[in-house]
Each structure stands twice: as C-alpha cells, then as structure tokens.
Amino acid sequence: MKYEQKVMLKNGKEALIRNCTGADGSAVLDVFTLAHEQTDYLLSYPDEKSFDAEQEAGDLEEKMNSPDEIELAAIIDGKIAGIAGIGAVGRKYKVRHRADFGISVLKEYWGLGLGRILTKASIHCAREAGYQQLELNVVGENERAVSLYRSVGFQEFGRNPRGFNSRFSGYQELVYMLLELDNI
Ligand SMILES: CC(C)(COP(=O)(O)OP(=O)(O)OC[C@H]1O[C@@H](n2cnc3c(N)ncnc32)[C@H](O)[C@@H]1OP(=O)(O)O)[C@@H](O)C(=O)NCCC(=O)NCCS
C-alpha cells in the first residue's frame, strides 16, 4: 500500500508520514532494534531479532506492493522517528476481515503526537484495505499506549495475565483490543 502525508507535531516541527520502501530496510531495522532496547513492552528482545537488513528490505518492498498491508515511517529531519504498520491476520475467508496493528516511536520523540498520528494513519490504511476489524495486544501497564488506543476507539475484549514473561519483571498482563472499522 502507498501512503504519504505531511503533519505538524506538538513542538511545531514537521513530520512526513509515508510508507516504507525497500530502501528503508537498514534504517527500519536500526529503529526496530533501538525501540526494543528502550522499552520492555514489545514482543521481543533485540538479541532475538530473526532477520537482517536485506530480509527487512524485501519485506518492506513486498508491503509497498501489497493491496492490504503497509509499514509506515514517520520522518523527522530526514530520520525515522517511529514506525507503525498493519498486517493481515490470515488469508482464509473466515479471518480475511481482520488486521493486526503494531507501533513503535523512538523515546526521544514521545509526547509529540506522533503515536496518535501514526495510529490514525494506520486505521485509515486498514479501512482503505477493506478490513472490518483492527486488532492489537498491549501490556496492561503500558499506560501511554493503552490510553492512546482507547482514545482512538479501540475497545478491550480480554486479558491474558501471563501474556508476556519479561526477563526483568516476570509476567506481564496483555490486554487484547479491537476496533470495528465498519462502525465508525
Ligand atoms: C505508545 C507510543 C506509541 C506512544 O507514542 P507517542 O508519540 O508518545 O504518543 P502521543 O504523543 O501521540 O500521545 C498519545 C497519547 O498518549 C497518552 N499519554 C501521553 N503520555 C502519557 C503518560 N505519561 N501516561 C499516560 N498516557 C500518556 C495521551 O493520551 C496522549 O494523547 P494526547 O496527548 O494527544 O491526549 C510510544 O510511547 C511507544 O512507541 N512506546 C514504546 C513501544 C510501545 O509501547 N509500543 C506499543 C506496543 S502495544
């Protein structure tokens, strides 16, 4: 999928939100690694990375040409400040209406409105792609993320008390959320 939009952040700086391309492979991988170092709320640890820059580039190129998947980058001063994306839950008829959502903003850019902008852009893309439901899971204590998701309309539909097992803090409760795209 393709997407491009210029936005103004809370600090008055301009950001470009656009779909990633194969050329972003190495930069996206760096952001992915840094974001996973900066928080304990994501699925994996940096040392568990299972792909290299070349594979990432191939994946991003595929998404750019996909009718229903996208990886978005927020560019500030020529650098990637955050990434977000939607992916199909599955290709079978019974689950074709569902997409997954994920997002990471680098810590130095938190609080500027980028999370909200990337989330809304992803919702727009999910609707454009024809999905009826956008889904995510989030660590319950990740208040910044939970509050962002609720504020754009995601609703909680369940919890897994032992969803993640953190190396540092033990079990983390996962909150499952969904947004019905045909109702808004
Ligand atoms: C969660 C995340 C994407 C938010 O990004 P961000 O750019 O800081 O988000 P925004 O500046 O758009 O703020 C979004 C909302 O978060 C909420 N928020 C901000 N700071 C908060 C805080 N300290 N406590 C609770 N909520 C907070 C507010 O509701 C805010 O909305 P508003 O100020 O527009 O009313 C970002 O912190 C992040 O990438 N974290 C690490 C990775 C991660 O946790 N990803 C989500 C995995 S499910």
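Just so you know, ligand 1 is whichever comes first in the structure, and atom 1 is the first atom listed for that ligand.
For V138, no nitrogen or oxygen atom sits less than 3.5 Å from a nitrogen or oxygen atom of ligand 1, counting backbone and side chain alike.
Shortest contact from atom 38 (C) of ligand 1 to any protein heavy atom: W110 NE1, 3.5 Å. Closest to atom 46 (C) of ligand 1 among all protein heavy atoms lies Y149 OH, 3.3 Å. Protein heavy atom at the shortest distance from atom 11 (O) of ligand 1 is G113 N, 2.8 Å. Among all non-hydrogen protein atoms, the one lying nearest atom 17 (C) of ligand 1 is S147 OG, 3.3 Å. When only non-hydrogen protein atoms are considered, atom 33 (O) of ligand 1 lies nearest to K10 NZ, 2.9 Å. Of all protein heavy atoms, the one closest to atom 39 (O) of ligand 1 is V105 N, 2.7 Å. Closest to atom 6 (P) of ligand 1, if we only count protein heavy atoms, is G115 N, 3.6 Å.
Every heavy atom of L136 sits 4.0 Å or more from the atoms of ligand 1. In this structure, N137 has a heavy atom closer than 4.0 Å to ligand 1.
For the side-chain contact (heavy atoms from CB on, under 4.5 Å) with Y45, the qualifying choice from D47, L42, L43 is D47, the only one to do so.
No donor-acceptor pair under 3.5 Å is formed between the side chain of Y109 and the backbone N or O of I76.
Comment: D30 does not engage K79 in a salt bridge, judged by the lack of any side-chain N to carboxylate O separation of less than 4.0 angstrom.
Counting heavy atoms only, R144 comes closest to atom 18 (N) of ligand 1 of the residues R116, Q38, H36, R144.
One finds the CD atom of E156 at 10.5 Å from the CG atom of L178 (value rounded to the nearest 0.5 Å).
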